[in-house]
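Have a look at the structure below, then the notes.
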Amino acid sequence: MRDHPVSAEQLSQDLLAWYDTHAREMPWRVGPTARASGVRPDPYRIWLSEVMLQQTTVAAVKDYFERFTRRWPRVGDLAAAEDGDVMAEWAGLGYYARARNLLKCARVVAEEFEGVFPDAYEGLIALPGIGPYTAAAISAIAFDRPETVLDGNVERVMARLHDEHEPLPAVKPVLKAHAAHLTPSARPGDYAQAVMDLGATICTPKSPACGICPWRDPCRARVKGTAPELPKKTPKKPKPTRYGFVYLARSAEGDWLLERRPDKGLLGGMLGWPGSEWNDAPTETPPFDADWQDLGAEVRHTFTHFHLILQVRSAELPADFEPRAGQELVRRHDFRPSSLPTVMRKAFDLTRR
DNA sequence: AACACGTGGCA
DNA sequence: TTGCCAAGTGT
C-alpha cells in the first residue's frame, strides 16, 4: 500500500508497467516490446482498426480487419476500390456511414496527401469519419504523440478512479480533464492503449476485477465500493416497434432483384430487398404485380432506436422485367448473402428453410 | 443538445 | 425475452 495521494506521473508509470506484461495482442497492434525495439505501427492499419472499433467489439472486428487488409493492403488500394465492393465487405459490421466515410477518407489521403496520413490531431479530425476520439487515438497510437483518448473505456475508468457520480454525458468534460491530467509525455501511444485495455479487461462495466487492478490503491470508487455502478448514465428512451414488407424476387435463371439504398439514412449505401416504408401501419408496395407468396415467418430485428418486424413475400421475376433506377439484378453466382446488411440477410435466410 | 445510426453477445 | 453494452461520428 502506498500513501495517498499518488502523483499523475506515478499512476501512468504503474499502468505502463502493467501494460508491459498484460497488453492484449491484436492484428493491428504493435505491442510494447516490439515498439520499444523501434517497430512503428502502420497508420493505415491503425486508422482502419479504429474506425471499425467505433461502438464495435474487438471480437467482431478481427475477421473484418483481416479481410480488408488482405484485399486492400494500403490506403491507395482502398481508395481505388469500387464503392459497392467496400460496402459489401463491410456488410454485417453495422453503422454503415463508417464505410462510406472510410472510403471518402481513403480517397482524400491517397489523392491529396500522397497516401500519407496526417500525424497531428488537427489534421486527422478534419477527415471524414474521424472524430475527437479517433483523431486522438491515431495521433497517439500510430505516431506516439501525447494526445488524450476518451472512449467508453476511459470514461468508465476515470469515473471510477475519481468516483464521479454525475451521469454521462454531462460529466464527460470532467472525465476528459482527469484523463488529460494523466496522459504522460513518455510513451503516450502505449499509455492510450493501456487505459483502454484496463477498461476492457479489468475495469469492466459489470463485476470489475478490482483486486488485480494496477490502480486499486488510488481508485476512489474501489474504496467506497461504488465501482460497479459507475459511470452513471441518463436513462434511455424505450424503443418503438415498426413494421414493414420486403419482396424477394428471383428470375427463372435464379437472378435476384435488389436495390441500392440511398447514401443518407438507415443502411445507407447498402444493398437491400425492395420493400415498403417501415412504420406503425405500412402499406404493401410490391416492385411489380405478381402473385406474392408469404414466406410464413417474419423477420425480427432490433436497430439502435427501434424494433422492426418484417413480413417477407416472394415471387418469380417476369422474364421481361426491366430494373428501374436504383435496382439491380444480381446473378445467381454473383449473389452473396454476406454482402447484405444483417436485417436483409435474415429475410433471405427465410427462403432457405 | 439530442438524436440517428447496426449488430451480436451476455445476464 | 429484454435490456445493456462495445475503441463514436455526423447533423
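Chain letters run A, B, ... following the sequence lines, proteins first and then strands; every chain starts at 1.
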P gap between C:dT1 and B:dG6, integer Å:
23 Å
To the nearest Å, give me how far apart CZ (A:F65) and C1' (C:dA7) are.
14 Å
C:dA7 P sits how many Å from A:Y191 OH, rounded?
15 Å
In a check of side-chain contact (heavy atoms from CB on, under 4.5 Å) between A:L350 and each of A:V299, A:V246, A:L310, which one passes?
A:V299
Output the single nucleotide from B:dG8, C:dA7, B:dG6 whose closest atom is nearest the side chain of A:R29.
C:dA7
Tell me the interatomic distance from A:F303, atom CZ, to B:dA4, atom C1', rounded to whole angstroms.
12 Å
Taking donor-acceptor contacts at under 3.5 Å, does the side chain of A:R24 reach the base of C:dA7?
yes
Taking for each residue the nucleotide of DNA chain C with the nearest heavy atom, is it A:K264 or A:R156 whose nucleotide lies nearer the 5' end?
A:R156
Looking at A:H305, does any N or O in its side chain come under 4.0 Å of the phosphate oxygens OP1/OP2 on B:dC5?
yes
Within the distance-only criterion (no hydrogens, no angle test), does the side chain of A:S139 pair as donor or acceptor with the backbone N or O of A:A135 below 3.5 angstrom?
no
A:T56 and A:R98: side-chain hydrogen bond (donor to acceptor under 3.5 Å, both in side chains), yes or no, with the steps?
CA-CA 12 Å; A:T56 309; A:R98 292 185 294 172; 3.1 Å; yes
Would you kindly give the NZ-to-C1' distance between A:K172 and C:dT9, to the nearest whole Å?
10 Å
Can you tell me which nucleotide in C:dA7, C:dC5, C:dA6 comes closest to the side chain of A:T57?
C:dA6
B:dT7 phosphate, OP1 or OP2, under 4.0 Å from A:K346 side-chain N/O:
no
A:T134 side chain near C:dT9 phosphate (N/O to OP1/OP2, under 4.0 Å)
yes
How is A:W90 classified with respect to the nucleic acid when contacts are heavy atoms under 4.0 Å: base, sugar-phosphate, or nothing?
nothing
Looking at B:dG6, C:dC5, C:dA7, which one has an atom nearest to any side-chain atom of A:Y133?
C:dA7
Can you tell me if the side-chain N/O atoms of A:T342 get under 4.0 Å from OP1 or OP2 in B:dG8?
yes
Kindly indicate whether the side chain of A:T56 and the base of B:dG6 share any N or O donor-acceptor pair separated by less than 3.5 Å?
yes
Counting any heavy atom closer than 4.0 Å, what does A:G265 reach on the DNA or RNA strands: base, sugar-phosphate only, or nothing?
sugar-phosphate
Side-chain donor/acceptor of A:Y95 to base of B:dG6, under 3.5 Å:
yes
Can you check whether A:R74's main-chain N or O pairs, donor with acceptor, with A:D77's side chain at less than 3.5 Å?
yes
OP1, OP2 of C:dG8 versus side-chain N and O of A:Q54: anything below 4.0 Å?
no
Does A:V58 reach a base, just sugar-phosphate, or nothing at all? Heavy atoms under 4.0 Å.
base
Using whole Å, report how far CD of A:Q55 lies from P of C:dC5.
12 Å
B:dC5 C1' sits how many Å from A:K239 NZ, rounded?
11 Å
For a quick check under 3.5 Å, do A:S276 and A:T285 share a side-chain donor-acceptor pair by atom type?
no
A:N101 CG to B:dC5 C1': how many Å, rounded?
12 Å
Regarding A:P128, tell me which of base, sugar-phosphate or nothing describes its non-hydrogen contacts under 4.0 Å with the strands shown.
sugar-phosphate
Knowing that exactly one of A:F68, A:F65, A:Y64 qualifies, which makes a ring-ring contact (aromatic ring centres under 6.0 Å, His included) with A:W90?
A:F68
Can you tell which of C:dA7, C:dC5, B:dC3 lies closest to the side chain of A:K233?
C:dC5
What's A:M26 touching, base or sugar-phosphate or nothing? Going by heavy atoms closer than 4.0 Å.
base
Does A:K206 make a side-chain N or O approach to OP1 or OP2 of C:dC5 shorter than 4.0 Å?
no
What's the closest nucleotide to the A:P341 side chain, out of C:dG8, B:dT7, C:dC5?
B:dT7
Do the side chains of A:D334 and A:R331 get close enough for a salt bridge, i.e. N-O under 4.0 angstrom?
no
Separation of A:I141 atom CD1 from C:dA7 atom P, in whole Å?
13 Å
Shortest non-hydrogen contact from A:S12 to A:P184?
OG-CB, 3.9 Å
A:P132 side chain: which of C:dT9, B:dT7, B:dG6 is closest?
C:dT9
Position toward the 5' end of DNA chain C (nearest nucleotide), A:L127 or A:E50
A:E50
For a quick check of understanding: with a heavy-atom distance under 4.0 Å over all strands, which category does A:G199 fall into, base, sugar-phosphate or nothing?
nothing
Sugar-phosphate, base or nothing in reach of A:L93, heavy atoms under 4.0 Å:
base
Please report the distance separating the P of B:dG8 from the corresponding atom of C:dT9, rounded so that it comes out in whole Å.
22 Å
Between B:dC5 and C:dA6, how many Å separate the two C1' atoms, rounded to a whole number?
15 Å
